[in-house]
Amino acid sequence: MNTTTKTTTENAQKLEAAYASVSDLYRGKTDDLYAACREMRKTTRVYEGDFIAKFLGVPTNAGLQTRPTYAVFQYQDVMNVLKDANTFTSGFILEGMGKVWDGLMILGMDGEAHRKVRALLQPAFMPENVNKWRPKIDRVAREDFIMPLLPDKKADLMEMGLNFPVRAMYALVGFPEDNPDQYNQYAVWALSMLAANQLDKAKAEEGRRVAAIAVKSLYDALMEQVQRRRAEGATGDDLITRLMNAEYEGHKLDDHEVATFARSLLPAAGETTTRTFSAAMTFLLTIPGLLDRVRNDRNLVPKLIDEAVRFEPSSTFKVRETSADVQIGDVTIPKGSFVQCMVASANRDESAFENPDVFDIDRRQKPSFGFGFGPHMCIGQFVAKLELNCAINGILDLMPNVRLDPEQPAPKIEGAHLRGAKSVHVIWD
Ligand code: HEM
């Protein structure tokens, strides 16, 4: 094995280990998250207490000052909270693990500051722009990931699921494409930032230390790219250049802002897409008749993705802080409280979805919350959908008669907070 191949393998293994450690951290203790949520929807409109710590046992906002905590479960309540970002704010995110981010972290911005930054960034992520990236993403999916697997006639698709969104995102950001080893290192750093949110105090400290190194290293790598483009006249079509050229109400991002925002995308864009890929592939391969239908009618691929995001949102809840006293049902939630919005519950609320516990790609379209809702709704959702679309179509086109490997365990989606399948073993002809 030559040195480059060896380092590449080592970094790929590190990425796998980092992903597994984030999955462990957010796995929690519940066996059946959906049953717990169903019960709450029936009996308790607003739970007074920390539902997530008590029933799911996963870190939410470790390292933050404690606040009175409440949880909501119903479709309409979750929608109302996520929609009203003035009353239900996100700034607290920057207090805890957000401390390691020194810069533009849009997820934790509120009010006018958030609105302005979002307006500046949004155009780069709209479908008309994102779809221009299709040939590039399609090429990465097919040539870099699917074609090398073909001679083996069997694979764990999660090797692709873990690495492909990272590679695609780094290609879109505009990193040079000839150094996959470097991508994996960046992806390990990006996951290290998520791992900083620990329940255990000693581990949290260590997590934050590693995350701080990761944040700085990613910033340096991105800044180098920003400065290179500035020197070359910023004429390309990659994300960094689009951000450099974006303008709203006469304001443009400076180099520091471009680098810090691009950095905040990397953890947001990687493992979320990995988990959603694992869910979509699991349903495609395990629900009787679905594979044939989708193989023969590719217009169903977007519906498969939408239903996967409803049925198994990769992140099962979102938290907000109240900026004023609010009344929900009979409960007055005081100003300065945390409200846990149970996305996994709202997405299966029987008052909003017929037969909510059935995976049904033919259901009538209706908003669900796997990509969030309201002002903070996922800015990268069209990128994620494009990546998933290219990956699924590539697999169906290039792996003839792809199906589950009967000699391996069937994929299983698990996790109380960050859900996904660990492996998806397939064979093809
Ligand atoms: C299937 C994959 C993905 C899922 C399930 C997902 C999910 C989400 C969710 C639920 C939110 C809302 C967070 C909140 O309300 O607090 C969000 C926000 C965000 N996502 Fe994604 N995401 C995915 C992929 C991506 C990708 C590919 C990118 C980048 C290209 C991205 C960038 C962002 C950013 C920057 C925000 C913050 C937006 C804001 O605060 O205004 N995401 N995402």
Side-chain angles (χ1 to χ4, degrees), residues 101-107 109 113-145 163-187 189-190 215-270 273 378-391 394:
W101 301 88
D102 56 348
L104 197 60
M105 167 61 156
I106 184 172
L107 201 61
M109 294 173 86
H114 176 261
R115 195 187 62 76
K116 283 196 167 147
V117 168
R118 178 97 190 192
L120 192 62
L121 301 172
Q122 186 96 46
F125 293 95
M126 292 312 281
E128 60 273 23
N129 280 325
V130 167
N131 286 334
K132 290 187 197 144
W133 284 324
R134 179 178 283 273
K136 185 173 235 172
I137 302 288
D138 217 29
R139 190 199 57 69
V140 174
R142 287 172 190 243
E143 290 176 21
D144 295 356
F145 288 95
N163 291 285
F164 164 64
V166 172
R167 181 86 58 88
M169 196 60 212
Y170 287 86
L172 295 186
V173 162
F175 281 111
E177 287 184 43
D178 55 0
N179 197 348
D181 179 44
Q182 198 62 50
Y183 295 147
N184 282 343
Q185 178 58 66
Y186 295 157
W189 283 334
V215 162
K216 167 88 175 66
S217 312
L218 268 182
Y219 177 84
D220 291 347
L222 282 158
M223 196 53 157
E224 197 187 311
Q225 297 302 321
V226 175
Q227 285 170 344
R228 180 177 300 169
R229 279 177 190 61
R230 189 71 77 196
E232 289 167 359
T235 52
D237 192 36
D238 57 87
L239 188 59
I240 289 186
T241 310
R242 284 189 189 174
L243 296 178
M244 288 170 84
N245 293 329
E247 194 169 339
Y248 180 69
E249 292 178 348
H251 180 70
K252 289 181 119 179
L253 296 171
D254 64 25
D255 288 0
H256 169 71
E257 288 170 323
V258 172
T260 46
F261 175 68
R263 180 185 57 188
S264 75
L265 287 179
L266 301 178
T273 314
C378 182
I379 205 170
Q381 63 172 303
F382 301 113
V383 177
K385 287 178 181 175
L386 176 63
E387 288 176 16
L388 293 165
N389 201 300
C390 290

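When all heavy atoms are compared, the tightest approach of I240 to Q225 is CD1-CB, 3.6 Å. Nearest heavy atom pair, residue A171 against residue K136, reads O-NZ, 3.8 Å. Of all non-hydrogen atoms in A168 and I137, the two that sit nearest each other are CB-CD1, 3.8 Å. Nearest approach of F164 to E387, heavy atoms of both residues: CE2-O, 3.3 Å. Considering every non-hydrogen atom in both P165 and G270, the closest pair reads CB-O, 3.9 Å. Shortest non-hydrogen contact noted between M105 and S264 is SD-CB, 4.3 Å.
From I379, atom CD1 reaches atom CG of L121 across 5.0 Å, with rounding to the nearest 0.5 Å. To the nearest 0.5 Å, atom CZ of residue F145 and atom CZ of residue R139 are 10.0 Å apart. To the nearest 0.5 Å, atoms SG (C390) and CZ (R142) are separated by 8.0 Å.
In terms of the side chain to side chain contact (heavy atoms under 4.5 Å, CB included) criterion, residue partners of A234 (sequence neighbours excluded) are, by chain and number, T241, M244, N245. Under the side chain to side chain contact (heavy atoms under 4.5 Å, CB included) criterion, P123 pairs with no residue, sequence neighbours left out. Scanning for side-chain hydrogen bond (donor to acceptor under 3.5 Å, both in side chains) contacts around D144 gives R167, with sequence neighbours left out. For F175, the ring-ring contact (aromatic ring centres under 6.0 Å, His included) partners are Y170, Y186, not counting sequence neighbours.
Inter-residue side-chain proximity for V383 and L265 is flagged as unmet; no heavy-atom pair is nearer than 4.5 Å. With a 4.5 Å cut-off on side-chain heavy atoms, Q381 and F125 do not count as touching. In this structure, the side chains of L253 and Y248 stay at 4.5 Å or more apart for every pair of heavy atoms. When side chains are defined from C-beta on, L243 does not count as touching V226, because their heavy atoms never get closer than 4.5 Å. When side chains are defined from C-beta on, W133 counts as touching L239, because their heavy atoms get closer than 4.5 Å. Using a 4.5 Å cut-off on side-chain heavy atoms (C-beta onward), M109 and V117 make contact. Using a 4.5 Å cut-off on side-chain heavy atoms (C-beta onward), N129 and F382 make no contact.
Evaluation of the salt bridge (Lys or Arg N to Asp or Glu O under 4.0 Å) test over residues 114-135, restricted to residues two or more places apart or in two chains, returns E112-R115. Listed by first and then second residue, the salt bridge (Lys or Arg N to Asp or Glu O under 4.0 Å) pairs that reach into residues 242-254 are D237-R242, sequence neighbours excluded.
Panel note: side chain R229, backbone D238; no donor-acceptor pair is recorded below 3.5 Å.
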